[in-house]
Each structure stands twice: as structure tokens, then as C-alpha cells.
Protein chains: 2
Amino acid sequence: MITSMERSTDPGPRGGPVLQDSVTEAITNAFFEELAAVGYGRLSMEAVARRAGSGKAAIYRRWPSKEAMTADLVGQVSVRAADTLDTGTLRGDVLAFLTATDEALRHPLVSRILPDLLASAAYHPAIAAVLGDEIGTARRRKVGAILRRAVERGELPESADIELGLDFMAGPLYWGTAIRSAPADPGRLERLTDMIIAALAA
Amino acid sequence: MITSMERSTDPGPRGGPVLQDSVTEAITNAFFEELAAVGYGRLSMEAVARRAGSGKAAIYRRWPSKEAMTADLVGQVSVRAADTLDTGTLRGDVLAFLTATDEALRHPLVSRILPDLLASAAYHPAIAAVLGDEIGTARRRKVGAILRRAVERGELPESADIELGLDFMAGPLYWGTAIRSAPADPGRLERLTDMIIAALAA
DNA sequence: CCTTGACGAGACGATACCGTTCCGTCTCGT
DNA sequence: ACGAGACGGAACGGTATCGTCTCGTCAAGG
């Protein structure tokens with residue numbers, strides 16, 4: 001599925017004469033900027049090359065197609081998000097998670113790219129696969145850890161539904177921040193946190 | 001902005017020789033099917049005409065551009081959703097609202113089109129305007145009515161935040177049903193209802 | 001110093017749309 | 001019966017993108 005070469009994305013200390021990292025980086029940046037500018041459906045390799053100041057051949061030397069490039073690059077980025085640390089209380093964990101997620105969603109590139117990718121997943125199985133891994137699995141793991149710790153502390157009943165918990169941790173924030181474009185407001189995240197905890201405890 | 005003719009979408013009892021309704025309907029259906037098939041970004045007028053079994057001229061006789069056609073047709077559809085009736089209790093109102101919305105989100109065309117349009121709104125102001133009206137305003141009015149009735153009944157404190165309430169009524173359901181593609185499950189809507197009410201009361 | 005190979009640039013044929021403009025046909029209301 | 005006008009179909013010139021391929025340049029290693 002993802003068929004890009006490892007040498008440029010993971011060149012190691014010295015892998016011999018190699019596709020130049022600076023070019024790979026320029027293409028990567030150009031890709032995300034272009035993705036934010038026109039969306040996946042209208043993204044063209046020529047535009048990416050133009051923006052990167054490179055030739056198209058430099059792109060096709062690295063990835064066999066637009067879909068493979070997208071899957072590879074999106075996969076790389078999403079992997080980064082670190083686990084939320086244990087703040088000692090459910091409220092602290094939730095607020096930290098919401099704050100981090102809200103900040104990510106407000107990034108100018110993310111706020112334009114993410115909804116587009118989520119929609120594109122319906123048309124392109126390769127994208128759906130990457131997002132399913134990154135958003136589905138990774139996110140479920142993080143939220144699951146938070147809820148599990150809360151259950152251990154006795155802050156939540158054991159009956160708490162992890163799947164629905166994920167919907168509450170992600171849904172209202174995504175809807176408000178990414179779709180409704182609600183202005184940044186720490187107070188909103190505080191209230192959101194209290195409401196989510198109330199929902200989780202129900 | 002929306003410049004389609006009134007004669008065919010609202011021909012009245014007898015408006016003289018008119019663009020044929022059957023063609024308008026064929027084009028409308030083809031538009032939504034094509035939208036579901038390839039998304040807004042890649043939607044082509046030729047494909048719509050092909051699918052409708054019409055000539056492109058028949059489309060351009062009705063709308064001046066793809067954007068105007070989209071705004072007009074999407075606006076027409078979204079208008080339909082009726083107000084939720086008063087069931088007498090907050091729980092009944094919320095469950096009815098969630099059930100209706102969930103059903104709508106599961107419609108094969110809606111589930112593919114809506115996320116795409118929400119994403120496209122970031123690139124096309126005309127779409128953003130229509131969605132802002134239909135989803136933003138209309139939805140805020142509906143949910144606002146439900147919450148206001150609940151406050152009058154004493155089921156919710158007066159301090160309830162309508163804006164955040166909207167995020168909770170829409171977010172988890174949209175995330176679970178449209179993004180996570182959770183299977184249809186009445187029990188899930190029941191639990192969702194209880195959790196939303198707990199959140200609203202927090 | 002000379003070979004190697006990635007580089008930017010861009011031409012290439014193929015394909016797809018755009019929005020417009022013609023056909024010749026058919027269905028109306030008059 | 002007639003004329004207006006919408007119809008499906010097809011073609012127009014123009015633009016954009018695809019993925020491939022060929023240039024001449026340039027930097028590094030042997």
C-alpha cells in the first residue's frame with residue numbers, strides 16, 4: 001500500500017548517495033501547503049512540484065502516485081502525537097487532552113486538511129486506512145488509557161463505555177472547533193471538560 | 001449569489017412555457033449522485049449531464065456555474081428538515097432529535113456528501129454560506145428550542161450553555177455515525193441521550 | 001579529474017473539463 | 001398548423017493534469 005522508499009524518510013546515518021533530504025523536505029512542506037490550499041481532490045502533482053521549487057521527476061522518484069504519497073506523508077505526521085501524561089485526576093487528564101487536541105485543530109494547516117481528509121477517506125480506501133490507523137487506533141488507545149486510569153482511581157464506574165467516551169472526547173471539540181470554528185477560549189475547554197466528565201459518569 | 005431561475009424550481013400553477021421539470025429533477029438527482037460518487041472538488045458538469053442523460057446546455061440554462069448550482073440545490077434540500085416536536089420531556093426531545101439526525105446521517109448519499117461539503121466550505125465561501133445558514137442557524141434554532149423548553153420545565157438550570165449544548169447534540173453523534181461509521185444501534189442512541197443530558201445539566 | 005547520479009526545467013501525448021455554440025428534433029401553447 | 005423554445009448530442013478552442021522522458025547542470029566520491 002504505502003510504497004515510498006525508506007531511504008529518504010529514514011536515511012539512517014549515512015546510506016550512501018541518497019535522494020537529497022532537503023528536497024524531500026521541500027516536497028513534504030509543499031504537499032501539505034497545497035493540500036490546505038485546494039484540498040485532496042484537486043491536489044495536483046504539478047502544483048506540489050511548483051510550490052516545492054522542484055521538478056515533477058523528483059516527486060515520482062520518491063512515490064509512485066499521489067495516493068501513495070498522501071498515505072505515506074499523512075501517516076508520518078499523525079504518528080507523532082505523544083501520549084497524554086497522567087496528571088493524577090480525570091479532570092486534569094481530560095482537560096490536558098482537550099487542550100492539546102484543540103491546539104492541534106487550530107493549526108492553520110490542520111484545520112483545513114483534517115476535515116478534507118476525513119471526507120476524502122470515503123472515496124479513497126488508502127486514506128481511510130491511514131486515518132483509521134492513526135485516528136481510530138491511536139486515539140482509541142490514548143482515550144482508553146485516560147478512562148482506564150479514572151476507573152482505577154474510582155473516578156468513573158466500571159460500566160463506562162470507552163467507545164462512546166471516545167465520541168464525547170472527540171465529537172464536541174471537533175464539531176465546535178473544526179466545523180463551527182468557535183474562537184479559542186480556555187473557558188470553553190473548562191466547561192467542555194466538566195460536561196464530558198458528567199457525561200462519562202452517567 | 002444563488003442565481004438559478006425560480007421558474008423551474010417553483011414553476012407555480014402555470015408559468016407559461018418553462019424549462020421542463022423532469023429534466024430539472026434528473027439533473028438534481030444526478031448532481032447529488034455525482035457529488036456522492038466523486039466529491040465536490042472533482043465534480044464535473046459533464047459528468048452530471050452524462051448521468052442525467054442531458055446535455056450540458058440544459059444545466060447551464062438553469063445555473064450559471066457549478067458553485068451556484070451547488071449552493072442552490074444544497075440549500076433547497078437542507079431547508080426541508082422539520083422542527084422536532086415537543087415530546088413533553090427533555091429526554092424524549094433529545095432522543096427524538098438524535099434518532100432523526102442519526103437516520104439522516106445514515107442515508108447513503110448524506111453520509112458521503114455531508115462530510116465532503118463541510119470540508120469544501122473551507123475552500124468555497126458560497127458553500128460555507130449555505131451550510132452556515134442551514135446547519136448553523138437552522139440547527140441552532142431547533143436545539144435552542146429543545147433546551148429552552150427544558151429550562152421552562154425546570155429540567156435544566158438556566159445557566160445551560162446553548163452553544164456548547166449544540167456541540168454536544170451534534171458532535172458525538174456526527175463523530176460516531178459519520179466519521180467512525182458506528183453501526184446502527186438504538187441502544188447507542190439511548191445511552192448517548194443519557195450522557196448528553198448529564199452533560200447539559202453539568 | 002572524471003564519473004555518477006540526483007537535480008530543475010519542461011516537452012510530450014493522452015485524457016478530461018470548461019463554457020459556448022451549433023445542429024436537428026420534439027413538445028408545447030396559441 | 002405554426003412558431004417559440006427547450007431538448008439531447010456533439011463539437012469547438014482553451015486549459016489543466018497525468019506520468020514519462022529528455023535535456024543540461026551541479027555536487028560529491030573515487
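Keep in mind that the numbers below use all heavy atoms, side chains included, and drop hydrogens, waters and symmetry copies. A note on names: the letters A, B, ... follow the listed sequences, proteins ahead of strands, and every chain is numbered from 1.
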Check: Rounded to whole angstrom units, what separation is found between the OH atom of A/Y60 and the P atom of D/dT17?
Finding: 12 Å
Check: Would you find a donor on one side and an acceptor on the other, under 3.5 Å apart, between the side chain of B/H107 and the backbone of B/L109?
Finding: yes
Item checked: Euclidean distance, atom CD1 of residue A/I59 to atom P of C/dC7 [Å, nearest integer] -> 11 Å
Next item on the list: Measure the distance from NZ on A/K66 to P on D/dT20 and round it to the nearest whole Å.
Entry: 16 Å
Next item on the list: Compare all side-chain heavy atoms of A/Q76 with those of A/V130 and state whether any distance is below 4.5 angstrom.
Entry: no
Check: Taking C-beta and beyond as the side chain, do A/R149 and A/I146 meet within less than 4.5 Å on heavy atoms?
Finding: yes
Next item on the list: Consider the side chain of A/A58, meaning its heavy atoms from C-beta on, and name the nucleotide among C/dT21, D/dC7, C/dG8 that approaches it most closely.
Entry: C/dG8
Item checked: Over-ring placement of A/K66 relative to A/F31, 6.0 Å and 45° cut-offs -> no
Check: What is the distance, rounded to the nearest whole Å, between atom CH2 of B/W63 and atom C1' of C/dC18?
Finding: 18 Å
Notebook entry, point to check: Does anything in residues 170-182 of chain B pair up under salt bridge (charged side-chain N to carboxylate O under 4.0 Å, His left out), and if so which pairs, sequence neighbours excluded?
Noted result: A/E163-B/R180, A/D167-B/R180
Note to self: Measure NZ/A/K56 against P/D/dC18 and give the value in whole Å, please.
What the structure shows: 7 Å
Margin query: Below 4.0 angstrom, which residues in residues 36-55 of chain B have at least one non-hydrogen atom near DNA chain D?
Written below: B/G53, B/S54, B/G55
Margin query: Whole angstroms only, please: what is the CZ-P distance between A/R61 and D/dG19?
Written below: 16 Å
Note to self: So that I can compare with my own list, what are the stems of DNA chain C, taken as at least three consecutive Watson-Crick or G-U pairs with distances under 3.5 Å?
What the structure shows: C:1-30 with D:1-30
Note to self: Tell me the interatomic distance from B/M69, atom CE, to C/dC18, atom P, rounded to whole angstroms.
What the structure shows: 9 Å
Item checked: Modelled atom types, side-chain donor and acceptor of B/R106 and B/S111, under 3.5 Å -> no
Notebook entry, point to check: Looking just at side-chain N and O atoms, do B/R62 and B/T24 make a donor-acceptor pair shorter than 3.5 Å?
Noted result: yes
Checklist line | CZ/B/R42: more than 12 non-hydrogen atoms of other groups inside 6.0 Å | finding: no
Margin query: If we ignore hydrogens and angles and just use 3.5 Å, is the side chain of B/D116 paired with the main-chain N or O of A/A119 as donor and acceptor?
Written below: no
